[in-house]
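Down below is the structure, laid out as structure tokens.
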Amino acid sequence: MKNFAPSRVVRNTLLGTALLFTISHFAQANEPFPNSPIPAVPDIDAEAYILIDYNSGKVLAEKNADQRRDPASLTKMMTSYVIGQAIKSGKIGANDMVTVNEDAWATGNPVFKGSSLMFLKPGDRVSVSQLTRGINLQSGNDACVAMADYVAGDQTNFVQLMNGYVSKLGLQNTHFQTVHGLDADGQYSSARDIALIGQALIRDVPEEYAIYKEKEFTFNNIRQTNRNGLLWDKSLSVDGIKTGHTNGAGYNLVASATEGDMRLISVVMGGKSMKGRDAESKKLLTYGFRFYETVKPLQAGVEFASEPVWFGDENNVKLGVTEDLFLTIPRGRLKDLKASYDVTNKELEAPLKKGQAIGTINFQLDGKTIEQHPLVVLKDVEEGGFFSRLIDYIKLLFHRWFG
């Protein structure tokens, strides 16, 4: 192993501590945090659950997270995502007026009997903004149908859009058959996939996600409150996301909360009661905030290291990451975090392209690697002129001969 001299140790202000640069061998990533007194996850009374850090994607707790289950109204998160993407792309507008069709009328659809509704009637003219609140806040199955008709022409086409995003988001255990989530053969999702849909909502369609923190919505003089009970919990800063319940699914809740710069997403599926799903979700979120913290050791485009490059129009290439890099570590361990990197090819040759991966960044606690991320080129390095390449060729020969 080759170590840099102390003069090469760079103080990273984003970390607030020195990041130690070394050339090292690869180590196994994502090992349990060593020497960190983190207790076991509290008992969670649910069939399946997961807790992830929104920024880093780190899984902090899970049980049966990939088990395929009835998603119930958590399905509406994907319905909402499709609507948000349609608004974002300009295909529809929040102020568009939608004419409600017969298929969105609860009285004419026995399948809607006893389910959550916005109480639409055929011929009603309702704005997209109101219908999205009917979906996100009131969990209105009729509102889902009305928006599916407006966005895609009918429910079948809209479900195809939903499953298209399932593929784009890389969800492994999700398939939708309905736009609203009432139990249907062949419809399923998992706690992990639902957490990833929540992450996508927050990241990709923030204006759509902002609706989820609203506590009530009134339509046709019918006032309904948001079913996410954690929005009223003053000990947490919860701003979403969605509840769900059917006989087949049990009681489900996806919650997201922030504490400082940290955001967590919890998913509880197959809970025993409405209050129970709130309580179990709170346990998960409290556990995550109490024992972990999120840090940003590297910023997109900021030089992390540099390496010599041969036959180029530059003598050195700047290396780092192209997107802000977040890590979730045990709370209070920031001062102990170190970084090293490994370059795959010790003799880098031009041309090198921005974003090209040429090695790995390793983050360590107590001498063990806890995370690995690609080390990439931050700026193109083109081939040098003929004479500069000739000189480099001679230098490289001497370098190989004499070290």
Side-chain angles (χ1 to χ4, degrees), residues 41 44-55 57-85 116 135-136 139 144 159 161-184 186-205 208-209 211-212 226-230 238-246 248-257 263-271 274 276-278 280-285 288:
V41 179
I44 303 299
D45 189 13
E47 296 294 327
Y49 64 79
I50 195 168
L51 176 69
I52 70 167
D53 184 292
Y54 163 75
N55 285 300
K58 184 75 175 178
V59 176
L60 305 182
E62 62 177 300
K63 172 189 170 184
N64 297 331
D66 296 309
Q67 183 183 80
R68 293 181 175 183
R69 301 185 56 82
D70 293 327
S73 282
L74 302 188
T75 298
K76 294 182 176 75
M77 292 171 59
M78 182 58 85
T79 303
S80 174
Y81 185 78
V82 173
I83 294 168
Q85 289 283 19
S116 302
I135 294 169
N136 300 349
S139 203
C144 292
V159 170
L161 293 177
M162 295 168 70
N163 287 320
Y165 281 114
V166 166
S167 297
K168 288 180 181 179
L169 296 175
L171 308 183
Q172 300 298 308
N173 293 292
T174 298
H175 184 76
F176 295 112
Q177 297 279 31
T178 73
V179 301
H180 40 63
L182 293 174
D183 292 344
Q187 179 164 268
Y188 53 83
S189 191
S190 68
R192 191 184 313 277
D193 284 1
I194 291 293
L196 293 175
I197 295 172
Q199 189 181 42
L201 268 170
I202 298 167
R203 179 190 66 232
D204 299 338
V205 286
E208 180 74 14
Y209 180 73
I211 297 170
Y212 285 92
N226 195 317
R227 291 166 171 78
N228 183 356
L230 292 182
V238 172
D239 57 12
I241 304 180
K242 192 75 187 72
T243 62
H245 171 257
T246 64
Y251 289 87
N252 299 340
L253 173 59
V254 186
S256 184
R263 176 183 285 279
L264 298 178
I265 299 173
S266 66
V267 180
V268 169
M269 301 184 77
M274 188 179 297
R277 69 187 177 192
D278 291 352
E280 303 311 299
S281 299
K282 182 175 180 177
K283 281 185 193 177
L284 283 172
L285 293 169

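Note: hydrogens, waters and symmetry copies are ignored here, and every other heavy atom, side chains too, is used. All values reported here derive from a predicted model rather than from experimental measurement.
Evaluation of the side chain to side chain contact (heavy atoms under 4.5 Å, CB included) rule for Ser116 yields Ser139, Arg227 as partners, not counting sequence neighbours. Applying the side chain to side chain contact (heavy atoms under 4.5 Å, CB included) test to Gln199 and every residue at least two apart in sequence or in another chain returns Tyr54, Leu196, Arg203, Ile265. Residues forming a side-chain hydrogen bond (donor to acceptor under 3.5 Å, both in side chains) with Lys283 (at least two apart in sequence, or on another chain): Glu280. For the side chain to side chain contact (heavy atoms under 4.5 Å, CB included) test, residues two or more places apart in sequence or in another chain that qualify with Ala72 are Thr246, Ala249, Asn252. Residues forming a ring-ring contact (aromatic ring centres under 6.0 Å, His included) with Tyr212 (at least two apart in sequence, or on another chain): Tyr209. In this structure, Asp183 has no salt bridge (Lys or Arg N to Asp or Glu O under 4.0 Å) partners at least two apart in sequence or on a different chain. Under the rule for a salt bridge (Lys or Arg N to Asp or Glu O under 4.0 Å), the partners of Asp239 that lie at least two apart in sequence or sit in another chain are Arg263. Here Tyr81 pairs with Gln85, Asp204 under the side-chain hydrogen bond (donor to acceptor under 3.5 Å, both in side chains) rule; sequence neighbours left out. Remark: Gln67 pairs with Arg69 by the side-chain hydrogen bond (donor to acceptor under 3.5 Å, both in side chains) rule, at least two apart or across chains. Scanning for side-chain hydrogen bond (donor to acceptor under 3.5 Å, both in side chains) contacts around Arg68 gives Asn173, Tyr188, with sequence neighbours left out. Every side chain to side chain contact (heavy atoms under 4.5 Å, CB included) that Asn228 has, sequence neighbours left out, goes to Asn226, Leu230, Leu231, Val238, Thr243, Leu253.
Residues Leu74 and Ser189 fail the side-chain proximity criterion, which asks for heavy atoms closer than 4.5 Å.
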Between Val179 and Thr75, does the side-chain contact (heavy atoms from CB on, under 4.5 Å) criterion hold? Intermediate values first, please. CA-CA 7 Å; Val179 301; Thr75 298; over 6 Å; no
Hey, mind stepping through Leu51 and Leu285 against side-chain contact (heavy atoms from CB on, under 4.5 Å) and telling me if it holds? CA-CA 7 Å; Leu51 176 69; Leu285 293 169; 4.1 Å; yes
Show your reasoning for whether side-chain contact (heavy atoms from CB on, under 4.5 Å) applies to Leu201 and Ser80. CA-CA 8 Å; Leu201 268 170; Ser80 174; 3.9 Å; yes
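Here the closest non-hydrogen pair linking Ala65 and Ile50 is CB-CD1, 4.0 Å. Residues Gly84 and Val205 come closest through the heavy atom pair C-CG1, 3.4 Å. Taking all atoms of both residues into account, the shortest heavy-atom contact from Lys63 to Ala46 is NZ-O, 3.3 Å. Minimum heavy-atom separation, Met274 to Arg277: O-CG, 3.0 Å. The minimum heavy-atom distance between Val41 and Ala61, with the atom names listed, is CG2-CB, 3.5 Å. Contact between Gln187 and Thr178 at its shortest, heavy atoms only, is OE1-N, 2.8 Å.
Atom-to-atom distance recorded for Lys76:NZ and His180:NE2 is 7.5 Å, nearest 0.5 angstrom. Here the CE atom belonging to Met269 is positioned 8.0 Å from the CG atom belonging to Asp70, to the nearest 0.5 angstrom. In this structure, Lys242 NZ and Thr79 OG1 are separated by 10.0 Å, a value rounded to the nearest 0.5 Å. Here Leu60 contributes atom CG and Leu264 contributes atom CG; the two are 6.0 Å apart, rounded to the nearest 0.5 Å. Rounded to the nearest 0.5 angstrom, Ile197 CD1 and Met78 CE are separated by 4.0 Å. Put simply, OG on Ser281 and OH on Tyr49 are 12.0 Å apart, with the number rounded to the nearest 0.5 Å.
Residue pairs satisfying the salt bridge (charged side-chain N to carboxylate O under 4.0 Å, His left out) criterion with at least one member in residues 190-200, sequence neighbours excluded, are listed as follows: Glu62-Arg192, Asp66-Arg192.
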